[in-house]
Amino acid sequence: MPEGDTVWQAARRLHDALAGKVLTRSDFRVPRYATVDLAGRTVLEVAPRGKHLLTRVEGGLTVHSHLRMDGSWKVFAPGQRWSGGPAHQIRVVLATADRTAVGYRLPVLELLRTADEQRAVGHLGPDLLGPDWDPARALDNLRADPARPLGEALLDQRNLAGVGNVYKCELCFLLGVTPWLPVGELPADRAARLPALAHKLLEANRDRPVRRTTGLRGHDLFVYGRAPRPCLRCGTSVRVADQGDGSRERPTYWCPTCQPGPAPRPGGPSASRIRRRPGG
């Protein structure tokens, strides 16, 4: 699933290609909007909101899209061959005189009134890369369910918007706790650091082509995708197990030495299904 920095970069590419220009073509390849034609309208801006993209068009309309796991937006020059996937995966085409934006495999695509955007994104918590970023509110949201595993809470976009599976794993490593630690058991000093650390990581990577969290030459990430290679800090083999996010299981990486605490038993059920109760 794309992280908030990836979506921010996609929004910037789309904004640079379309904003301030008149659409010469719009082609929605989903039945609900098959007859919609936005040609002749000026694109006002393309804005990210967490992992959502909001393309605002003259006349009070917004094209709302979400990439989820496999979606992408590609921008092409006139005459350039489209290369984002086969034609049957195209969900929408927005073209100006000098650029064409093509949305591939978009699981969420809708046209709504700009005044009604909150219907689509109003449930989101503070956006780590947005003007509404509020670290205190984000921490309060995370703490609202103290029995919930930290990894699950970080992926819940209602708590804070922009953290995906990569940042979930890296944040837990940097905090020195497992993703299965109940939020309420996170030491107070580390809980206080969490929002600022998450913000720092996404801000540092929003302009980078390759995401980095380590600051170490030749090593981009501490634990994500590194099992069973040795931990960059202690040399212990990095482990991987599934952890849910409310919709599906996701591979979750951690160092059992640098991140002591609850974790799945080898060969046992995913710890994401083992919810600890307060006091239990």
Side-chain angles (χ1 to χ4, degrees), residues 1-14 48 50-51 53 67-75 83-84 104 127-130 133 135 138 149-157 160-181 186 190 193-245 248-261 263-264 272:
M1 176 182 286
E3 317 266 330
D5 53 355
T6 305
V7 176
W8 190 91
Q9 291 171 10
R12 184 174 61 179
R13 288 195 301 272
L14 289 171
K51 299 182 182 182
L53 287 164
L67 306 181
R68 290 201 179 155
M69 292 299 295
D70 301 315
S72 68
W73 279 94
K74 303 290 185 179
V75 176
S83 57
Y104 290 89
D127 186 344
L128 281 154
L129 293 178
W133 173 238
L150 177 61
E152 289 186 21
L154 287 171
L155 287 182
D156 190 335
Q157 303 299 294
L160 68 170
V163 172
N165 205 39
V166 177
Y167 283 121
K168 175 197 81 173
C169 297
E170 296 295 293
L171 280 167
C172 288
F173 177 84
L174 290 168
L175 292 170
V177 299
T178 79
W180 292 274
L181 181 76
L186 183 65
R190 300 185 212 184
R193 288 176 51 212
L194 194 161
L197 181 58
H199 184 250
K200 178 181 178 180
L201 289 181
L202 268 75
E203 280 279 352
N205 283 289
R206 71 178 189 178
D207 294 316
R208 291 176 178 167
V210 177
R211 184 179 294 122
R212 299 193 67 189
T213 62
T214 69
L216 302 174
R217 186 173 182 179
H219 299 286
D220 296 326
L221 303 173
F222 280 110
V223 289
Y224 186 85
R226 298 196 70 253
R229 285 176 285 174
C231 172
L232 296 176
R233 282 186 176 169
C234 73
T236 302
S237 292
V238 173
R239 295 183 184 174
V240 60
D242 287 336
Q243 183 180 44
D245 68 348
R248 59 177 290 173
E249 299 286 296
R250 301 192 183 281
T252 298
Y253 301 83
W254 83 104
C255 170
T257 299
C258 295
Q259 299 170 258
S272 63

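Predicted model only: the values in this text are computed from it and were never measured.
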Just how far is it from atom CG of Asp127 to atom CH2 of Trp133, taken to the nearest 0.5 Å? 9.0 Å

Can you list the residues that meet the salt bridge (charged side-chain N to carboxylate O under 4.0 Å, His left out) rule with Arg193, with sequence neighbours excluded? none

What pair of heavy atoms forms the shortest contact from Pro48 to Ala11, and how long is it? CD-CB, 3.7 Å

In Leu194, Thr178, Leu171, the residue satisfying side chain to side chain contact (heavy atoms under 4.5 Å, CB included) with Leu150 is Leu194

Residues at least two apart in sequence or cross-chain that pass side chain to side chain donor-acceptor pair (under 3.5 Å) with Arg12, listed by chain then number, are Asp207

Arg208 meets the side chain to side chain donor-acceptor pair (under 3.5 Å) criterion, sequence neighbours left out, with Asn205

Could you state the interatomic distance from SG (Cys231) to CZ (Phe173), rounded to the nearest 0.5 Å? 4.0 Å

Check whether any side-chain heavy atom of Leu221 lies under 4.5 Å from a side-chain heavy atom of Glu170, and answer yes or no. yes

Name all residues meeting the side chain to side chain donor-acceptor pair (under 3.5 Å) criterion together with Thr214; count only those two or more places apart in sequence or in a different chain, and write none if there are none. none

Quick one about Tyr104 and Asp70 (side-chain donor to acceptor, distance below 3.5 Å, no hydrogens or angles considered), yes or no? no

CG-SG distance between Leu232 and Cys255, expressed to the nearest 0.5 angstrom: 9.5 Å

Under the side chain to side chain donor-acceptor pair (under 3.5 Å) rule, what pairs show up with a residue in residues 251-261, not counting sequence neighbours? Lys168-Thr252, Thr236-Thr257

When rounded to the nearest 0.5 angstrom, what is the spacing between CG in Leu154 and CD in Gln243? 9.0 Å

Check: Arg233 and Phe222 side chains under 4.5 Å, non-hydrogen atoms: yes

Tell me, please, which residues at least two apart from Arg226 pass side chain to side chain donor-acceptor pair (under 3.5 Å). none

Calculate, to the nearest 0.5 Å, the distance between atoms CH2 and CG belonging to Trp8 and Leu53 respectively. 12.5 Å

Mind checking the CG-NZ spacing from Leu129 to Lys51? Nearest 0.5 Å is all I need. 12.0 Å

With no hydrogens and no angle check, do the side chains of Thr6 and Arg206 hold a donor and an acceptor under 3.5 Å apart? no

Electrostatic pair Arg250:Asp242 at N-O distance under 4.0 angstrom: no

For residues Tyr224 and Val238, determine if any side-chain heavy atom of one lies less than 4.5 Å from a side-chain heavy atom of the other. no

List the steps, then state whether salt bridge (Lys or Arg N to Asp or Glu O under 4.0 Å) holds for Arg211 with Asp5. CA-CA 9 Å; Arg211 184 179 294 122; Asp5 53 355; 3.0 Å; yes

All heavy atoms of Gly215 vs all of Arg212, minimum pair found to be C-NH2, 4.1 Å

Taking all atoms of both residues into account, what is the closest heavy-atom pair of Pro256 and Ser237, and its distance? CD-O, 3.6 Å

For Gly176 against Arg190, the heavy-atom pair lying closest together: O-NH1, 3.2 Å

